[in-house]
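First up is the structure itself, then whatever we jot down about it.
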Amino acid sequence: MSQKKVVVVGAGPGGLASAIQLAAGGCDVTILERRGQVGGRTSAIEIDGFRFDCGPTFFLYPRVLDEIFHSTGRDLMEEVPMERLDPQYRLTFGGGGQLDCTPDMDEMDRQIAQFSPQDVGQLKRYMDDNRIKLEKFRPILESPFHSALDVMKPSLLGAAKHLHPFRTLGKELERYFSDPRLVIAFAFQSKYLGMSPFNCPSLFSILSFLEYEYGVFHPIGGCSRVSEKMAEIAEEMGVKIRLNEPVDSIEMEGRRVRALHTQADRYDADAFVVNADFADWMTKTVPNASRKRWSDEQIAKKKFSCSTYMLYLGIEGLYEDLPHHSIHISNDYNRNLREIETDHILSEDPSVYVQNAGVTDPTLAPAGHSSLYVLVPVTHDTENVDWSKDAAGFRELTLNKLGELGLTDVRDRIRVEHQITPDDWQSDYSIYKGATFNLAHNLGQMLHMRPRNRFEELDGVYLVGGGTHPGSGLPVIYESSRISSRLLLQDLGMDTGFIDDSARGVPPRPEPTAVA
């Protein structure tokens with residue numbers, strides 16, 4: 001019997017993770033990547049000896065990817081050495097106060113006491129409750145949702161009383177902490193989803209829990225190094241990676257996709273995995289008439305995440321007193337969130353995230369230098385902002401904000417600089433509306449209401465990445481690849497036991513012979 005052929009669109013983290021699992025399952029896999037490097041948003045930006053992560057810099061909950069690596073006979077931490085950070089990050093508040101967040105619960109209580117003595121001990125209660133919540137939530141995160149009937153699964157019904165789906169994350173944290181700064185300290189992680197904690201469902205309180213329970217890691221070389229290693233492993237397994245090959249058109253027979261066309265070739269396959277930005281790829285590639293639930297008009301009505309304004313700065317020297325990760329919360333955080341999500345304007349007092357990776361990893365810059373990664377959450381594409389005119393002023397505002405973090409001389413030390421605006425995310429990275437965290441994660445756009453892992457409108461098409469279930473963020477993107485790979489292999493009548501065995505610690509089978 002001939003080997004089943006699969007084409008993966010996009011060499012982002014979800015596409016790469018899918019490729020190695022499908023290759024391990026015995027498929028002949030080809031990846032079509034529109035850009036000249038792998039990784040998508042989780043790629044590297046390299047300029048004159050400086051190396052920056054393009055997007056994600058926090059590596060959380062490595063269990064999922066470790067199990068995926070294990071299913072191919074490899075060990076994640078051996079392939080990509082990582083260092084667990086302590087402190088995980090520093091939080092500073094425009095209204096006053098600082099937290100050096102650490103997995104040491106006694107040290108956290110000591111710092112919490114300086115904010116609000118009555119809140120001492122509440123972090124332990126929060127951790128205990130979310131340990132149970134994650135246990136109940138894991139089956140939901142790890143299972144596909146094909147229809148509304150899946151909402152009635154026993155696992156979901158049994159978890160409902162722990163998840164409080166109609167309570168916001170902000171309200172959930174107010175059950176534990178009376179000081180509003182502490183509420184933000186354990187709720188700001190909703191920004192990993194591109195949402196306000198006061199709009200995000202409370203079930204995402206597990207994000208902060210994951211940091212404290214399982215650690216915040218730095219892969220040596222950056223998160224982009226994980227993508228690069230997956231590509232190396234994929235090619236060792238026989239996967240063909242075609243760079244600079246965007247898909248120009250799609251060939252269909254009724255509802256079934258038969259082939260994809262690029263300028264270089266025609267690629268037919270038994271199944272197709274789409275790891276490109278869902279809304280962008282569908283509206284540009286699949287004829288609108290072939291889509292009803294996810295037509296151009298319906299997609300335009302959906303709620304999308306915020307975007308980000310980015311500065312990548314190669315600087316002379318090293319800020320030794322600045323931790324690896326720092327987050328500065330604006331003085332009026334609620335106003336800042338409203339300006340991003342509701343008013344869709346640029347804030348005069350934004351929150352800012354800075355990665356100073358040189359304190360951990362000297363490989364990211366030439367000797368005597370270091371790299372700074374600066375991220376400011378901003379509105380996605382809107383007629384209220386013209387980045388061709390507003391970028392220069394927002395750069396100055398951002399650099400002024402770095403001064404509030406103690407980097408008062410940063411302008412004098414810049415040797416390399418690169419900028420990405422929401423317009424650039426849209427034009428250069430093909431992200432719909434420049435919404436870097438995809439579809440928003442409100443209740444109306446989760447589970448079966450999100451584009452499904454086995455895409456419901458095109459036969460033979462499977463989705464991975466932040467635009468499908470379970471959602472955005474590296475751990476759940478990797479989980480989406482596992483869900484979709486399992487479905488695809490089952491639909492092709494192939495064995496999926498190796499995927500499940502890896503989660504149980506069963507030794508993997510020898511990998512299949514590479515395809516010539």
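Positions are given from 1, in the same order as the sequence printed here.
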Distance-only polar pair, side chains of [X] and [Y], donor-acceptor under 3.5 Å:
{"X": "D277", "Y": "S430", "result": "no"}
{"X": "E339", "Y": "S347", "result": "yes"}
{"X": "D423", "Y": "T421", "result": "no"}

Once the angle between the rings of [X] and [Y] is folded into 0 to 90°, is it parallel (under 30°), tilted (30 to 60°) or perpendicular (over 60°)?
{"X": "W387", "Y": "Y309", "answer": "parallel"}
{"X": "Y432", "Y": "F304", "answer": "tilted"}
{"X": "F186", "Y": "F177", "answer": "parallel"}

Would you check if the distance from the ring center of [X] to the ring center of [Y] is below 6.0 Å?
{"X": "H418", "Y": "F52", "result": "no"}
{"X": "F278", "Y": "F455", "result": "yes"}
{"X": "Y89", "Y": "F188", "result": "yes"}
{"X": "Y212", "Y": "Y126", "result": "no"}
{"X": "Y353", "Y": "Y373", "result": "yes"}

Can you tell me how far apart NZ (K133) and CZ (F204) are? Round to the nearest 0.5 Å.
10.0 Å

Roughly how far apart are C54 SG and Y429 OH, rounded to 0.5 Å?
3.5 Å

Donor-acceptor pair, distance only, cut-off 3.5 Å: does the side chain of S71 make one with the backbone of I68?
yes

